[in-house]
Enquirer: 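The structure that follows is given in the form of structure tokens.
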2 protein chains.
Amino acid sequence: MVKKYERKAVATGSGESVTLIDVARVAGVAPMTVSRALNRPELVRSETQRKVLDAVRKTGYVPNMLAGGLASSKSRLVAILVPTIANSIFSDTVQALMDGLSSSNYQTLMGLTAYSQEREEALVEAIMGRRPDGIVLAGTSHSKATIERLTKSRIPVVEIWDLADKPIDMMIGFSHEDVGKQVARHLLAKGYRKFGIVSVDDPRGLRRCESLKRELAKHRVAKPPFEVLPAPATLQAGREGLNRLLEANAPEIVVCSSDTLAQGVLAEAASRAMKVPRDIAVMGFGDLSTAAHVYPALSTVRIDGAIIGMRAAQALLARFDGETEPADVRIDTGFAIIDRQSA
Amino acid sequence: MVKKYERKAVATGSGESVTLIDVARVAGVAPMTVSRALNRPELVRSETQRKVLDAVRKTGYVPNMLAGGLASSKSRLVAILVPTIANSIFSDTVQALMDGLSSSNYQTLMGLTAYSQEREEALVEAIMGRRPDGIVLAGTSHSKATIERLTKSRIPVVEIWDLADKPIDMMIGFSHEDVGKQVARHLLAKGYRKFGIVSVDDPRGLRRCESLKRELAKHRVAKPPFEVLPAPATLQAGREGLNRLLEANAPEIVVCSSDTLAQGVLAEAASRAMKVPRDIAVMGFGDLSTAAHVYPALSTVRIDGAIIGMRAAQALLARFDGETEPADVRIDTGFAIIDRQSA
DNA sequence: CTGTTAGCGCCTTCAA
DNA sequence: TTGAAGGCGCTAACAG
């Protein structure tokens, strides 16, 4: 009986790529059986299984996922688009997401949008070429083209870090409007009346600040001075923000749209020998665990990026397993206002 | 004359995937011509080019890179393995690397090793399945299996954040031994004699510390107490480290293996009302720009992650263009000892 | 449980 | 400058 799949002599060099067929030949089975043994071992007799694994080891075979993906229309790839990973709230998210996905053998393609819809659009376009099984997007401000492309691709999408009315598909986050509102109420309840706001020019940060202003207006508080600095948020921007606020009359409390900004404000206050929160109180947003050690008087809105990432991974995996339907998932992870002001 | 490539009716629904053949049919050319128009436009008449682009727009075609990669053995994918992105020195690196590569149309697959050789090995294995065009690895401590696999895959590899004797291929970083040595000399020159060392259990950090100890020994300085804490580096670990050092007699200067650790030490010192650097001096490592605003007395070894990432991207692109040969590249990006101690 | 056949969508190679 | 044939390595679907 003549063996098949003899097409190629045994690789002599080292660069030659070993294929399924080589493994099949060594194991003395059909290529399809090797494929099964590797991907659905439960369908294969255990002895066959052993033979195949031996052959894999002997040959140093590494499955070609490009070929596998092409044949099966499953890439086992999830794309993640975030504005940056320099900010710990996003890197926590990404890290948790990767952890959750990699334990189910999904790999992640990351893209950095730098808060730009155009970049996001280009990235989505490029990434769709890889036929990812799922896409995670930070935020809900996407270009029309992006939304359309994603919608009709029917790829599972998770929008994170935000909750909005018209999700593309799944959504995991919290309401930035709610943050602004609750911060306003919280601070009003503590007796503050003279506010100052510092934000960078980032859509979500601005939404929090606008909501804060609306809530203050409702309570008939004087319209607070509002300094918007160009992105990205830096310590320097925070210092500059406080400087500008102090040119007019000093607010009792400065609300910052981000953690780094708040640290900048604190640094500037320190350099002016202002005591926090006695001379000026500061409310931050995001991860201020580092600063909190140094400035115990700092209040903050705490978001847990890791939880958002973990939930996103779970949502995708559930969807891959057919446990949920498009647009089924909408999770409010909430936020906490952590108050360290002892004013 | 009967047209070819009529295999499929025009997609009516929206989920149907558009292929090169569909575009070819719409444009009235052969599939191969579409491929050329998209990938090597210089080989195509400009009118044909226009027809193809029109058809692409009309059909909403997105090239399938799995198929393209399979056919051409080029994935336009670069894998990046780093211990974590929670640390800004690595996230800067990753960010710069992605920037550099994406402008040449490469995408990046990221993997997090959590400082574990086993995880790195598993990730390398999984990632090789995607047939990346290049791989970037942080550090030089890899398992034998990892090294062997990478070596015989002949995929361009860049090891970053370190310089060692036996590179797999390209290497961009600095010598951790040199850091330890220079820090020792620097501090000795400033007159310090009573040292304390705090490190987490991370290979590169330990190498810096060991080298520091060796240099101190050479200069006949008393063997310093050396606290090694379990990874990951946290503020808490730093505080604990200083606590332990202070149980014996207090050192004049504490050298920390990482930025976070140094911040923990500073926080603990602050909570004990110790003045830095008067009561105790602190030398950190990595990105302490945040802490520096708060603790102007902190010294640090400054590494620029962004430069390392940028250089790595350049090195890979040069290699892809055939401008360099395996093992041609070895770049010492150096480091700076930034001294803010005014003791 | 295992094997056979027929593509997946694109690009390489050669021919026109 | 464009086209046709064939194959990249794998898996779905159907037989046996």
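Every chain is numbered from 1, with letters handed out A, B, ... down the list of sequences.
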Enquirer: Rounded to whole angstrom units, what separation is found between the CZ atom of B/R40 and the C1' atom of C/dT13?
Expert: 13 Å

Enquirer: Take the protein atom CG of B/L38 and the nucleotide atom P of C/dC10, then report the distance between them rounded to whole Å.
Expert: 9 Å

Enquirer: Just wondering, do A/Q117 and A/S141 contact through their side chains at under 4.5 Å, heavy atoms?
Expert: yes

Enquirer: Give me, pair by pair, the N or O atoms of the protein and of nucleotides 14-16 of chain C that are less than 3.5 Å apart, along with how far apart they are.
Expert:
none

Enquirer: Over how many whole Å does the gap from A/E42 atom CD to C/dC1 atom C1' extend?
Expert: 12 Å

Enquirer: At less than 4.0 Å, is any side-chain N or O atom of B/S17 found next to OP1 or OP2 of C/dG9? Yes or no.
Expert: yes

Enquirer: Send over the distance from B/N39 CG to D/dT2 P, rounded to a whole Å.
Expert: 15 Å

Enquirer: Would you say A/Y61 and A/L38 make side-chain contact, with heavy atoms under 4.5 Å?
Expert: yes

Enquirer: C/dC11, D/dG3, D/dC10: which one has an atom nearest the side-chain heavy atoms of A/T19?
Expert: D/dC10

Enquirer: Expressed in angstrom and rounded to an integer, what is the separation of B/M128 atom CE from D/dG9 atom P?
Expert: 15 Å

Enquirer: In residues 62-73 of chain B, what residues come within less than 4.0 Å of DNA chain D, judged by heavy atoms?
Expert: B/L70, B/A71

Enquirer: What is the distance, to the nearest angstrom, from the CZ atom on B/R130 to the C1' atom on D/dG9?
Expert: 15 Å

Enquirer: Any residue in residues 43-57 of chain A with a heavy atom nearer than 4.0 angstrom to DNA chain D? Just list them by number, or reply none.
Expert: none

Enquirer: Can you check whether B/T33 reaches B/T48 side chain to side chain, under 4.5 Å on heavy atoms?
Expert: yes

Enquirer: If the threshold is 4.0 Å, N to carboxylate O, is there a salt bridge linking A/D54 and A/R57?
Expert: yes

Enquirer: Within the 4.5 Å heavy-atom criterion, are B/P156 and B/M170 side-chain neighbours or not?
Expert: yes

Enquirer: So do the side chains of A/V78 and A/P132 get within less than 4.5 Å of each other, counting heavy atoms only?
Expert: no

Enquirer: Which heavy atom of A/R119 sits nearest a heavy atom of A/L112, and at what distance?
Expert: NH2-O, 3.3 Å

Enquirer: Within the pair B/S35 and C/dC11, is there a side-chain N or O less than 4.0 Å away from OP1 or OP2?
Expert: yes

Enquirer: Give me the one residue out of B/L81, B/V124, B/I168 that meets side-chain contact (heavy atoms from CB on, under 4.5 Å) with B/T146.
Expert: B/V124

Enquirer: For A/K74 and C/dG9, what is the distance between atoms NZ and P respectively, to the nearest whole Å?
Expert: 15 Å

Enquirer: Should we say atom CZ of A/R311 is surrounded by more than 12 heavy atoms from elsewhere, each under 6.0 Å from it?
Expert: no

Enquirer: In the structure I gave you, are the side-chain heavy atoms of A/I147 and A/K166 within less than 4.5 Å of one another anywhere?
Expert: no

Enquirer: To the nearest angstrom, how far is A/M32 atom CE from D/dG9 atom C1'?
Expert: 12 Å

Enquirer: Within the structure provided, determine whether B/M128 and B/L150 are in side-chain contact (heavy-atom separation under 4.5 Å).
Expert: yes

